[in-house]
Amino acid sequence: MTTLNALIFDVDGTLADTEMVHMASFNQAFAEEGLDWNWDVPLYTELLNISGGKERIRHYWMQQHPDMKDIDGGGLQDTIERLHAIKTAAYESAVQQGLVQLRPGVLALIETAHAQGLRLAIATTTSPVNIAVLLRGAIGPHWKDLFAVIEDASTAPKKKPNPQVYLQTLARLGLPANQCLAFEDSSNGLQAAKSAGLATIITPTGFTAHQDFSGAAQVLTDLGAVDVAQLRTWHGQQH
Ligand code: XBP
Ligand code: MG
C-alpha cells in the first residue's frame, strides 16, 4: 500500500470561504474606477467558472461590454491590471479586518498533519498577497513554516482546470501524486488535481455546491470531523 506523505490545499473556498469578500472587493474596485459594473451572487457564481481574478474581469468585460475598448486609453490589459490591483488591496484590507475565517477543522488538520510529519503544500490560482494575509491572520507571522511548497497565480500562470499549479507543486515536493491528497472546493480545482493524478477531497461552498464532483475521493460538508487517520484510510482506498 502506498504511504500518504503530503497534503496539498487549494485556498479560496477550501482553506476559507472567501468568495463573498472577493466579490465585494471586485465591486469596490469597479466603483473606484467609475464603472457601473456590479457583480451579484448569481452572476459571480457563474463567473467563478473562470479561475483567476484578472481572467475573470477580462471574461466579463468581453462578454458584457465588448464594444468598450478601455477606460483611459491605456489599453484593455492595463485597465484590467489596475482594476485587479485595487481589488487585491481591498481584499487584503477586508481580511485584515477579520472578515474571513478559516473553515471548520482546517487549522487543526494542518497543525496536526504537520506535527505528524506530513508535508503540506498550497496549490491555488489566487494571488500571493491573498494567501499571506489570510494565513498570517489565522496562523500567525510564521505561517509559512508549515508549508513545504506554495504554488500560486504568480508561479503558475495557467489557471485551473489546467493542472499546471498541481504539477509544479508535485515537482517541488519531489513526490509522486499517489503519495499525496489534494483538497478542493470547486469542479475546476477537482479537474486540475485529477489531471495531475491526485486523489482529491472536496469540501464545497455555497458558490460551488451545484457543481459536478464526479471522481472525487470524498465530498464532505467540511473538514470539521476529519483527522489524519481518516485521511490515511481514504488515501489507502484510492491506491
Ligand atoms: C480561486 C480563484 C481566484 C479568486 C480570486 O482560487 O479562482 O481567482 O477567486 O483571487 P483557488 P484573485 O484556486 O484558491 O480556489 O483575484 O487573486 O485571482
Ligand atoms: Mg478554490
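Quick caveat, the model's predicted, so the values are computed rather than measured. Atoms within a ligand are numbered from 1 in the order they appear, just like the ligands themselves.
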Give the atoms of ligand 1, by number and element, whose distance to some non-hydrogen atom of [X] is under 4.0 Å.
{"X": "Ser127", "value": "12 (P), 17 (O)"}
{"X": "Thr124", "value": "6 (O), 11 (P), 13 (O), 14 (O)"}
{"X": "Val11", "value": "14 (O)"}

Name, closest N/O/S atom of [X] to the Mg ion (ligand 2):
{"X": "Asp12", "value": "O"}
{"X": "Asp185", "value": "OD1"}
{"X": "Asp10", "value": "OD2"}

Ala123 N/O to ligand 1 N/O under 3.5 Å: no
Do His65 and Tyr60 have their ring centres less than 6.0 Å from each other? yes
For [X], which part has a heavy atom under 4.0 Å from ligand 1: side chain, backbone, both, or neither?
{"X": "Lys54", "answer": "neither"}
{"X": "Lys159", "answer": "neither"}
{"X": "Asn130", "answer": "side chain"}

Where the side chain of [X] meets the backbone of [Y], is there a donor-acceptor pair that is under 3.5 Å apart?
{"X": "Thr124", "Y": "Thr126", "result": "yes"}
{"X": "Arg119", "Y": "Leu173", "result": "yes"}
{"X": "Asp78", "Y": "Gly75", "result": "no"}
{"X": "Lys160", "Y": "Ser51", "result": "no"}

Where is the nearest protein heavy atom to [atom]: which residue, which atom, and how far?
{"atom": "atom 7 (O) of ligand 1", "answer": "Arg56 NH2, 2.9 Å"}
{"atom": "atom 2 (C) of ligand 1", "answer": "Thr125 OG1, 3.2 Å"}
{"atom": "atom 10 (O) of ligand 1", "answer": "Thr126 OG1, 2.9 Å"}
{"atom": "atom 18 (O) of ligand 1", "answer": "Gly53 N, 2.7 Å"}
{"atom": "atom 11 (P) of ligand 1", "answer": "Asp10 OD1, 2.8 Å"}

Over 60° means perpendicular and under 30° means parallel, so classify the ring planes of Trp61 and Trp37, tilted if in between. perpendicular
Tell me the nearest of Glu184, Lys160, Glu55, Glu19 to atom 9 (O) of ligand 1, using heavy-atom distances. Glu19
Answer yes or no as to whether an N/O/S atom of Glu184 is found below 2.8 Å from the Mg ion (ligand 2). no
If I take atom CD from residue Glu33 and atom CD1 from residue Ile86, how far apart are they, to the nearest 0.5 angstrom? 4.0 Å
Quick one: do Leu43 and Ile50 end up in the same hydrophobic cluster if we chain Ile, Leu, Val, Met, Phe, Trp and Tyr together by side-chain heavy atoms under 4.5 Å apart? no
I'd like to know if Leu4 and Val228 are part of one continuous hydrophobic network [Ile/Leu/Val/Met/Phe/Trp/Tyr, side-chain heavy atoms within less than 4.5 Å]. yes
With a cutoff of 4.0 Å, is Gly13 in contact with ligand 1, counting heavy atoms of the residue only? no
Are the side chains of Val165 and Lys158 in touch, meaning some heavy atoms are under 4.5 Å apart? no
Between Asn5 and Thr3: side-chain donor-acceptor atoms closer than 3.5 Å: no
